[in-house]
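Every number for a ligand or one of its atoms is a count from 1 in the order of the listing.
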Amino acid sequence: MKTIALSLAFALLGALAVFLIYAWSPEELEAIEPPQAESFDPALVARGAELAALGNCLTCHQSEGGEPFAGGYAVQTPVGAIYGSNITPDPETGIGRWSEAAFVRSMHEGLDREGRHLFPAYPYTHFSIVPDEDARAIYAYLMTRRPVRNEVPDPELPFPLNVRALQAGWKLLFFEGPEPATPDPDDRLARGRHLVEGLGHCGACHTPRNLLMAESDDDYLQGAHAAGWYNPPLAGEVDAPAPWTAEEMTAYLTGGFADAHGVAAGPMAEVAGKLARAPRDDVAAMAEYVVSLQTGPSETASPDAAPAEIETGETGAERSAKRRLGETLYRSACLRCHTPSGQEASGTAAGSSQGLPLASSTALFAPEGTNLAQFILHGVQPPEGETGWPMPGFASLLTDEQIAAIAAYLREDLVGRPAWEEFADTLADARGGKTAN
Ligand code: HEC
Ligand code: HEC
Ligand code: HEC
């Protein structure tokens, strides 16, 4: 009975998909002669540059060592890599033949000029609220970049996920359609919210996704995983042991560092690197909105929380041997840069060799050790082209056992929380993963 019902359900779904494909194949928009760069108003182009920085377009549209906006960067999803397209005005391999209308439609509806569905790895589900005039400014900016000939690989998705037409079904389920809006410029929170939800697409990393990769509205900005990193919650109770202020978050988002919270690393370093070039007031409005969603440190992160009862399967002797090892390694490998809180103030990442006192690091209060593993294995490099003190990666210097001992010592003795149970697995995953910024 069950199997019959199940195959019926599948047959129905299949029929629905076929119907949808026939019922809704979006129209192809006409190809144009690539417009001359001089035909665009320089003020519009300049505004477009700011908006592209807010939207972090470059990160996904430039491969390592590749030309700006020429594409080829692999956006890693749990089902495979999807490559950012070539969005330079090259007529053959880029968007040179796209009209302004085709470009605006792509941001609002996730369609290419020919009317093919794009994958939501392109955050059009967020860009769909960007007002037309902003999308037009970004178009002017992109169409005045240097055209670069670069063929981008097809998405590496297994069949049938690679069938673009099936995205029609995904959109039906999870995409509410374009709702471009311009918030009241005098209402700062509304402006910040619009930027966070729209162009800034913070939820693309900080909101958890369901099995079909759609962001879960119920868990808006509640923290998620992507590309080997844990993206901490931004709303409600957060992992940071000290409450965020809007000023500090603005500094973090524009400079990649906040005194009381430390560094923006990994994928967040990319975001901050681009926001550094966006209008500071826009970023400040985003920070004010994000901070307004926060209620402060979570119970486990709060410094007032009583140190947790620490229970492990280990015998007392095993545990104390591990902690002694962890403490010794911490003293020799970490302490010279990360003095304990209360001593010397930590400088900025760019200004001094001092790291953050580790007891202030969000990474130590997170429910899992993913980001600590990333930091220890791969270190921290200052943003490309900028000076600053790096943290060396310890991947080839310390064994997994040694790193686990440091992590257990930092959790249990430095911040009084139970060691992460799954840390060995976390570490193995992070070893296989890519480097921190
Ligand atoms: C998180 C990564 C990411 C960000 C950020 C991003 N894109 Fe993309 N974009 C992609 C991916 C991946 C694709 C290809 C999707 C596909 O193949 O279906 C894409 C496709 C596109 C396309 C379609 C091009 C074509 O030839 O079909 C346009 C236009 C585009 N992006 C513009 C932008 C703009 C403008 C911004 C910034 C406001 C931006 N993207 C930010 C990942 C991103
Ligand atoms: C590409 C993925 C990605 C995007 C997009 C992204 N973040 Fe993050 N974010 C991360 C990761 C990963 C971390 C953890 C990095 C670290 O600890 O250095 C992080 C950390 C943060 C933190 C520090 C949290 C804490 O308590 O320590 C803040 C604040 C933050 N992000 C804000 C934002 C805002 C605002 C946006 C949108 C403008 C945004 N992020 C977009 C990946 C992302
Ligand atoms: C040569 C100096 C140096 C050494 C040695 C060093 N670090 Fe760092 N570390 C830094 C700098 C600089 C940063 C980036 C600025 C910051 O966040 O403090 C950093 C960042 C971090 C962070 C992120 C803090 C945050 O911002 O949330 C963690 C966690 C960390 N280090 C752990 C360690 C551990 C564990 C060790 C020893 C195994 C270690 N570091 C050794 C310099 C160092």
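For atom 35 (C) of ligand 3, the nearest non-hydrogen atom from the set Cys334, Ser332, Gly256 belongs to Cys334. For atom 32 (C) of ligand 3, the nearest non-hydrogen atom from the set Leu358, Leu329, Leu414, Leu397 belongs to Leu358. Comparing heavy-atom distances from atom 17 (O) of ligand 3 across Val263, Ile403, Leu335 singles out Val263 as nearest. When the options Asp134, Leu54, Leu118 are ranked by their closest heavy atom to atom 23 (C) of ligand 1, first place goes to Leu118.
Although no hydrogens or angles enter the test, the distance criterion places a donor-acceptor pair under 3.5 Å between the side chain of Asn150 and the main chain of Ala70. Proximity of a side-chain donor or acceptor of Asp219 to a complementary backbone N or O of Gln222 within less than 3.5 Å is not detected. Using a distance-only test at 3.5 Å, with no hydrogens or angles considered, no donor-acceptor pair links the side chain of Ser106 to the main chain of Ala102. At distances below 3.5 Å, at least one donor-acceptor pair connects side-chain atoms of Arg411 with backbone N or O atoms of Leu364. Under the 3.5 Å distance criterion, the side-chain polar atoms of Thr88 are matched with a main-chain donor or acceptor of Val148. A donor-acceptor distance shorter than 3.5 angstrom exists from the side chain of His194 to the backbone of Ala181, with no hydrogens or angles considered.
Each of the following atoms of ligand 1 lies closer than 4.0 Å to a heavy atom of Asp112: 27 (O). Against a heavy-atom cut-off of under 4.0 Å, Phe257 is close to the following atoms of ligand 3: 15 (C), 16 (C), 17 (O). The atoms of ligand 3 that sit less than 4.0 Å from any heavy atom of Ala333 are 5 (C), 37 (C), 41 (C). When each atom of ligand 3 is checked for a heavy atom of Leu372 under 4.0 Å away, the hits are 29 (C). Close contacts between ligand 3 and Cys337 involve ligand atoms 1 (C), 2 (C), 3 (C), 4 (C), 5 (C), 42 (C), 43 (C) [criterion: under 4.0 Å to a heavy atom]. Atom numbering of ligand 3 starts at 1 in the shown order; those under 4.0 Å from a heavy atom of Ile376 are 35 (C). Every atom of ligand 1 is numbered from 1 in the order shown, and the set under 4.0 Å from a heavy atom of Ile138 is 35 (C). Ligand 1 places these atoms under 4.0 Å from at least one heavy atom of Phe119: 16 (C), 18 (O). Each of the following atoms of ligand 1 lies closer than 4.0 Å to a heavy atom of Asn56: 5 (C). Below 4.0 Å from some heavy atom of Phe127 lie the following atoms of ligand 1, by number and element: 36 (C), 37 (C), 38 (C), 39 (C), 41 (C). Those atoms of ligand 2 that come under 4.0 Å of a heavy atom in Met249, given as number and element, are 29 (C). Those atoms of ligand 3 with a heavy atom of Arg336 less than 4.0 angstrom away are 5 (C).
A salt bridge does not link Glu327 with Arg323: every distance from a Lys NZ or Arg NE/NH1/NH2 to an Asp or Glu carboxylate oxygen is 4.0 Å or more. Taking 4.0 Å as the cut-off between side-chain N and carboxylate O, Arg277 and Glu50 do not count as a salt-bridged pair. The existence of a salt bridge linking Arg105 and Glu109 is excluded, since no basic side-chain nitrogen approaches an acidic carboxylate oxygen closer than 4.0 Å. Taking the charged nitrogens against the carboxylate oxygens, Arg191 and Asp281 do have a contact shorter than 4.0 Å, which makes a salt bridge.
For the pairing with Thr426, the side-chain contact (heavy atoms from CB on, under 4.5 Å) check across Asn371, Leu372, Thr370 returns one residue only, Thr370. Each of Thr207, Val290, Val291 was compared with Leu234 under the side-chain contact (heavy atoms from CB on, under 4.5 Å) criterion, and only Val290 meets it.
Heavy atoms of Ser360 found under 4.0 angstrom from ligand 3: none, in either backbone or side chain. By the criterion of a heavy-atom distance under 4.0 Å, neither the backbone nor the side chain of Glu270 is placed next to ligand 2. Residue-level proximity to ligand 2 for Phe375 is carried by the side chain, the only part with a heavy atom below 4.0 angstrom. If you look at Tyr330 next to ligand 3, there are no close heavy atoms at all, none under 4.0 Å. Counting heavy atoms closer than 4.0 Å to ligand 1, residue His201 contributes side-chain atoms (C-beta onward) but none from N, CA, C or O.
For the residue pair Tyr230/Gln374, the side-chain donor-acceptor check at 3.5 Å is not satisfied. For the residue pair Ser85 and Tyr122, no side-chain donor N or O sits within less than 3.5 Å of a side-chain acceptor on the partner. Between Thr300 and Arg417, the side chains place no donor N or O within less than 3.5 Å of an acceptor N or O (distance only, hydrogens not considered). With 3.5 Å as the limit, one finds no donor-acceptor pair spanning the side chains of Tyr330 and Asp413.
Of all N, O or S atoms in His338, the one lying closest to atom 8 (Fe) of ligand 3 is NE2.
Heavy-atom contacts from other residues, nucleotides or ligands closer than 6.0 Å to CD of Glu401 number 12 or fewer. Applying the 6.0 Å contact sphere to CZ of Arg145 captures more than 12 heavy atoms from other residues, nucleotides or ligands. Dense packing is recorded around CD of Glu28, with more than 12 heavy atoms of other residues, nucleotides or ligands lying under 6.0 Å away.
If you check which protein heavy atom lies closest to atom 25 (C) of ligand 1, you get Trp98 CZ2, 3.4 Å. Among protein heavy atoms, atom 27 (O) of ligand 2 sits closest to Thr362 OG1, 2.7 Å. Nearest protein heavy-atom neighbour of atom 29 (C) of ligand 1: Ser106 OG, 3.4 Å. For atom 26 (O) of ligand 2, the closest non-hydrogen atom on the protein side is Trp244 NE1, 3.1 Å. Given atom 16 (C) of ligand 1, the protein heavy atom at minimum distance is Arg164 NH1, 3.5 Å. Scanning the protein for heavy atoms near atom 20 (C) of ligand 2, the closest one is Tyr252 OH, 3.4 Å. Among all non-hydrogen protein atoms, the one lying nearest atom 15 (C) of ligand 2 is Ala265 O, 3.7 Å.
Residues Gln294 and Pro243 have side chains not in contact (no heavy-atom distance under 4.5 Å, counting atoms from C-beta outward).
In this structure, Tyr83 has a heavy atom closer than 4.0 Å to ligand 1. Using a non-hydrogen distance threshold of 4.0 Å, Asn371 registers as a contact of ligand 2.
Among protein atoms, those of element N, O or S found less than 2.8 Å away from atom 8 (Fe) of ligand 2 are His206 NE2, Met268 SD.
A pairwise comparison of heavy atoms in Ile32 and Tyr139 identifies CD1-OH, 3.8 Å as the closest pair. Of all heavy-atom pairs spanning Thr144 and Val45, the tightest one is OG1-CG1, 3.5 Å.
For ligand 1, the polar-atom distance check finds no N/O of Ile82 at less than 3.5 Å from any of the ligand's N/O atoms.
Aromatic ring orientation, Phe127 versus His201: perpendicular (interplanar angle above 60°, classes split at 30° and 60°). Using cut-offs of 30° and 60° for the angle between ring planes, the Trp244 and His261 rings count as parallel.
Note on atom 8 (Fe) of ligand 1: protein N, O or S atoms under 2.8 Å away count 1, no waters included.
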Q: Starting from the C-alpha separation in whole Å, work towards a yes-or-no answer on side chain to side chain contact (heavy atoms under 4.5 Å, CB included) for Tyr141 and Arg47.
A: CA-CA 8 Å; Tyr141 172 65; Arg47 178 67 185 141; over 6 Å; no
